[in-house]
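Accompanying notes for the structure given below.
As the structure lists them, so they are numbered: ligands from 1, and atoms in each ligand from 1. Along the sequence shown, residues are numbered consecutively beginning with 1.
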Amino acid sequence: MSTYNIPTIDFSDFSNRYATVAEQIFDACKNIGFFHIINYETPSILQVEQAFDLSKQFFELPTEEKIKFKQDSNQKKIEGYMEIYSQRFDPKNQKKGDFKENFDMETLTDTKNIEHFPKLFQNHRSDLQAFSKGMHETALRVLELLTFALKLPPNDKTGANDWLSSSHAYDGKGSTSVLRFLRYPNRTPEDEEDGSDNADSEIILAGQHTDFIMITLLYQNAPGLQVRVSDDSWLTVPVVNNAILVNLGGMFSYFTNGLFKSAMHRVIDMPDQRNRMDRYSIGYFVYPETGTMITNMPSPLIPCERPNFKEVPKDIKITTSNEYLDYRHQRSLAAKQSSNTNGEYDVI
Ligand SMILES: O=C(O)CCC(=O)C(=O)O
Ligand SMILES: [Fe+2]
């Protein structure tokens with residue numbers, strides 16, 4: 001039995017319990033890098049249901065229709081459709097690729113042109129925008145609570161705990177968030193015959209990886225996601241009703257000199273636990289503004305020495321958020337090339 005668990009943090013009435021909630025998040029970030037939030041303000045349950053419904057309507061379209069919106073991997077933009085096997089989160093260990101499909105969209109600002117999106121999403125632009133803004137608001141609350149817990153200086157004029165959140169505005173300078181709809185289709189006998197990537201006698205649907213960015217918010221409708229806990233065993237993330245799952249990306253771990261964990265995670269097939277229905281998840285990936293300094297955070301709690309991160313060795317000099325992302329993208333590209341099979345490798 002694993003002694004690890006994913007903490008659930010209750011946001012109800014959090015302004016009156018600020019220090020307690022901040023402490024709980026801080027501990028989760030230090031110990032495991034994953035936590036659930038319940039009773040948050042936004043998005044509403046109805047908006048979440050609507051988002052899953054839109055995702056389902058899109059993925060149920062015929063493949064010929066979906067591939068009209070195929071993501072262009074030569075572009076820097078993270079936008080559009082990716083079909084099954086087109087990504088490999090773990091190219092060193094995966095041959096076939098991820099058994100998932102996804103549709104990504106960058107920040108839906110008021111002025112963003114979405115003529116290249118499926119009509120379904122164009123027709124629900126305001127719902128999608130409200131949903132992403134709701135996710136973003138909750139992400140900002142997390143950053144504010146962490147600012148407090150890390151004892152970072154409050155804003156001198158307003159006293160707000162915006163040290164981290166001020167570089168993460170919804171439509172901040174050169175930045176973007178990514179809203180990602182994912183579907184892991186139920187595997188048919190033909191899929192089984194076709195083979196799959198395996199590890200520890202499990203069928204791998206999304207290879208093990210750490211996210212690159214600051215924080216990721218996720219909804220899942222069925223089990224499958226697993227986190228590698230420090231004794232090297234995998235912990236299945238339970239599905240908690242109406243909860244948002246938050247995990248930290250490598251950039252946050254780098255920024256805090258390893259104080260916060262960016263945990264390795266993967267998705268495996270657990271067909272019996274989802275009655276052989278498709279698994280759906282929705283990720284919201286939060287990036288800082290371009291050029292945000294990610295060194296020398298003025299927190300008395302952060303170790304002075306940068307550890308030798310597996311993803312970013314000590315001798316690599318990185319100071320800004322975009323340098324960090326570029327470095328990790330380059331490494332993933334190199335891993336993809338050396339593994340000598342088809343398929344994209346890309347984690348955000
Ligand atoms: O679908 C999931 O549960 C997780 C997906 C994920 O880890 C990612 O897209 O980075
Ligand atoms: Fe991930």
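When the Fe ion (ligand 2) is compared with the N/O/S atoms of His265, atom NE2 turns out nearest. In terms of distance to the Fe ion (ligand 2), the nearest N, O or S atom of Asp211 is named OD1.
Not one N or O on the side chain of Ser55 forms a donor-acceptor pair closer than 3.5 Å with the backbone of Ala51. A donor-acceptor distance shorter than 3.5 angstrom exists from the side chain of Thr176 to the backbone of Thr107, with no hydrogens or angles considered.
Atom numbering of ligand 1 starts at 1 in the shown order; those under 4.0 Å from a heavy atom of Arg279 are 1 (O), 2 (C), 3 (O). Remark: ligand 1 atoms within the under-4.0 Å shell around heavy atoms of Tyr184 are 1 (O), 2 (C), 4 (C), 5 (C). The ligand atoms of ligand 1 that sit less than 4.0 angstrom from a heavy atom of Phe285 are 8 (C), 9 (O), 10 (O). Counting atoms of ligand 1 from 1 in the listed order, those under 4.0 Å from a heavy atom of Ser281 are 1 (O), 2 (C), 3 (O). Below 4.0 Å from some heavy atom of Leu218 lie the following atoms of ligand 1, by number and element: 3 (O).
For the ligand labelled ligand 1, residue His265 lies inside the 4.0 Å heavy-atom shell. Under the 4.0 angstrom criterion for non-hydrogen atoms, Lys100 is not in contact with ligand 1. Under a 4.0 angstrom heavy-atom cut-off, Arg180 registers as being in contact with ligand 1.
Between the side chains of Asp53 and Gln57, at least one donor N or O sits under 3.5 Å from an acceptor N or O.
The aromatic rings of Phe260 and Phe26 sit perpendicular to each other, their planes meeting at more than 60°, with 30° as the lower class boundary. Ring-plane geometry between Tyr18 and Phe148 is classed as perpendicular, the angle between the planes exceeding 60 degrees on a 0 to 90 degree scale with a lower cut at 30.
Contacts of Gln226 with ligand 1, taken as heavy-atom pairs under 4.0 Å, are absent altogether. Counting heavy atoms under 4.0 Å from ligand 1, residue Val267 touches it through the side chain alone.
Residues Tyr280 and Phe131 are members of one and the same hydrophobic cluster, defined by side-chain heavy-atom contacts under 4.5 angstrom among Ile, Leu, Val, Met, Phe, Trp and Tyr.
In this structure, CG on Asn31 lies 11.5 Å from CD1 on Ile6, to the nearest 0.5 angstrom.
Tyr254 has its ring centre less than 6.0 Å from the ring centre of Tyr324.
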